[in-house]
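Here is the structure we will look at.
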Amino acid sequence: MIKARVTVTLKNGVLDPQGKAIEGALGTLGFSGVGHVRQGKVFDIELDHDDRARAEAELAAMAEKLLANTVIEDYTVSIA
Amino acid sequence: MKAAVILLPGLNRDRDMIAALTKISGTPPVTVWQTDTAIPDVDLVVIPGGFSYGDYLRCGAIAARMPVLDAVRRKAAEGVRVMGVCNGFQILLEAGLLPGALMRNASLHFVCREVKLEVANADTAFTRGYSKGQVIRCPVAHHDGNYFADADTLKRLEDNGQVVFRYAEGTNPNGSMHDIAGIVNEAGNVLGMMPHPENLIEAAHGGDDGRALFESALDLAGVAG
């Protein structure tokens with residue numbers, strides 16, 4: 001079995017109101033020196049085979065077709 | 001003119017939309033379920049608002065991958081008028097039928113109030129019942145209506161007159177770029193808009209500013225062009 005992680009983040013230049021709010025809240029909690037905060041999503045995905053090359057292709061297709069909205073988001077795939 | 005309303009789990013403005021279409025056209029629309037693979041012969045397909053699939057993953061993301069959206073895509077390619085309101089707009093964007101994306105409101109708050117809309121293009125199948133520059137009232141109710149597109153897409157939308165509704169007079173409720181409230185595709189037969197025209201069609205609503213949109217889309221008498 002392959003365990004993989006797909007990380008989806010907003011593209012540079014896309015405004016992230018939620019990240020801004022988190023940034024503000026960290027400041028309120030007393031964490032000083034916090035720069036920009038950007039919010040994203042993490043998907044842990046199990047595949048029921050051991051073919052890494054196939055897994056890479058499948059995970060990229062999953063990210064392109066559903067997990068990320070490539071108008072506003074980038075993604076990275078890592079396989080454990 | 002016959003209309004179809006697409007039904008998906010989690011939508012909640014479907015009954016308002018069906019009531020508006022029935023009252024304005026005199027004929028109830030047919031309803032089409034998410035797993036249906038074909039849409040009957042109609043002239044207008046409407047995806048109403050709500051929270052399809054609980055807004056999981058991204059607003060409209062799951063709905064846009066259901067079989068019925070392939071049928072909507074085929075209708076749009078044939079030139080049939082397609083209209084998405086609120087979550088319906090989000091679904092059309094996720095399905096790639098319209099350009100851009102709708103982000104969380106800049107205020108991070110859900111907004112439920114009336115706004116003013118400027119008709120930016122009155123030469124579309126959906127807006128010819130209005131005049132260019134006309135300001136109409138319309139309710140909004142959403143958490144993710146903050147329109148975003150890259151600079152090239154925005155320029156193309158503006159150059160082609162694809163922006164049809166803009167929030168007017170400082171009423172932009174969500175931070176949308178260029179005050180965009182509604183856009184059409186390049187062919188002009190697919191409309192997406194965040195505000196709810198179906199909720200302002202008769203005196204009981206306190207006004208009927210939304211009515212001309214449906215009269216235009218349904219080719220009803222009294223609409224020029």
Side-chain angles (χ1 to χ4, degrees), chain A residues 2-31 34-48 55-79, chain B residues 52-53 55-67 69-70 73 87 89-111 142-157 172-180 183 185 192:
Chain A
I2 284 175
K3 289 189 173 186
R5 174 164 284 187
V6 178
T7 305
V8 175
T9 51
L10 285 172
K11 288 185 177 182
N12 289 334
V14 174
L15 193 70
D16 178 12
Q18 293 172 106
K20 278 271 170 223
I22 294 162
E23 196 179 303
L26 288 173
T28 305
L29 285 171
F31 292 102
V34 175
H36 291 308
V37 176
R38 308 276 284 168
Q39 181 178 311
K41 295 188 184 93
V42 167
F43 303 89
D44 288 328
I45 298 177
E46 296 176 352
L47 299 173
D48 64 356
E56 276 175 28
E58 286 173 343
L59 290 159
M62 290 177 202
E64 289 282 339
K65 287 187 177 170
L66 180 63
L67 303 179
N69 177 347
T70 53
V71 173
I72 48 172
E73 293 167 329
D74 290 325
Y75 64 88
T76 57
V77 173
S78 67
I79 296 173
Chain B
S52 59
Y53 287 88
D55 282 349
Y56 291 175
L57 187 61
R58 298 176 302 274
C59 300
I62 310 283
R65 276 86 184 162
M66 297 311 289
L69 259 292
D70 285 330
R73 203 172 278 114
N87 194 209
F89 184 14
Q90 294 163 341
I91 292 167
L92 290 175
L93 292 164
E94 280 283 346
L97 281 161
L98 289 169
L102 287 157
M103 316 277 297
R104 180 56 46 95
N105 292 344
S107 66
L108 298 177
H109 292 292
F110 189 96
V111 290
H142 60 251
H143 207 167
D144 299 81
N146 184 351
Y147 185 80
F148 171 89
D150 61 49
D152 289 347
T153 304
L154 276 176
K155 183 175 185 318
R156 202 169 63 242
L157 287 173
N172 184 339
N174 50 39
S176 282
M177 290 176 144
H178 292 208
D179 294 324
I180 287 172
I183 57 172
N185 64 342

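The basis for the numbers below is simple: all heavy atoms, side chains too, and nothing from hydrogens, waters or symmetry mates. Throughout, a chain's letter reflects where its sequence line sits, starting with A, and its residues are numbered from 1.
- For A:E73, the part sitting under 4.5 Å from any heavy atom of chain B is the side chain, from C-beta outward, and nothing else.
- Within a 6.0 Å sphere centred on CG of A:N12, heavy atoms belonging to other residues, nucleotides or ligands number 12 at most.
- Only the side chain of B:L108 comes within less than 4.5 Å of a heavy atom of chain A; its backbone N, CA, C and O stay farther away.
- Of the atoms belonging to B:R104, heavy atoms from both backbone and side chain fall under 4.5 Å from chain A.
- A:P17 and B:A106 make their closest contact through CB-O, 4.0 Å (heavy atoms, listed as atom of the first residue, atom of the second, distance).
- Proximity to chain B (any heavy atom under 4.5 Å) is shown, for A:K20, by neither the backbone nor the side chain.
- Per-residue heavy-atom pair counts under 4.5 Å with chain B were compared for A:V71, A:V8, A:N69, and the maximum is reached by A:N69.
- The residue among B:G100, B:G175, B:A61 with the most heavy atom pairs within less than 4.5 Å of chain A is B:G100.
- Residue-environment remark: OH (B:Y56) stays at or below the threshold of 12 foreign heavy atoms within 6.0 Å.
- Among A:D16, A:L10, A:L15, the single residue meeting the side-chain contact (heavy atoms from CB on, under 4.5 Å) criterion with B:M103 is A:L10.
- Listed here is the closest heavy atom pair of A:L66 and B:L57: O-CD2, 3.3 Å.
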Working for side-chain contact (heavy atoms from CB on, under 4.5 Å), residues A:K11 and B:D150: CA-CA 11 Å; A:K11 288 185 177 182; B:D150 61 49; over 6 Å; no
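- Taking chain B as the reference chain and counting heavy-atom pairs below 4.5 Å, the highest number among A:A68, A:G13, A:A21 is found for A:A68.
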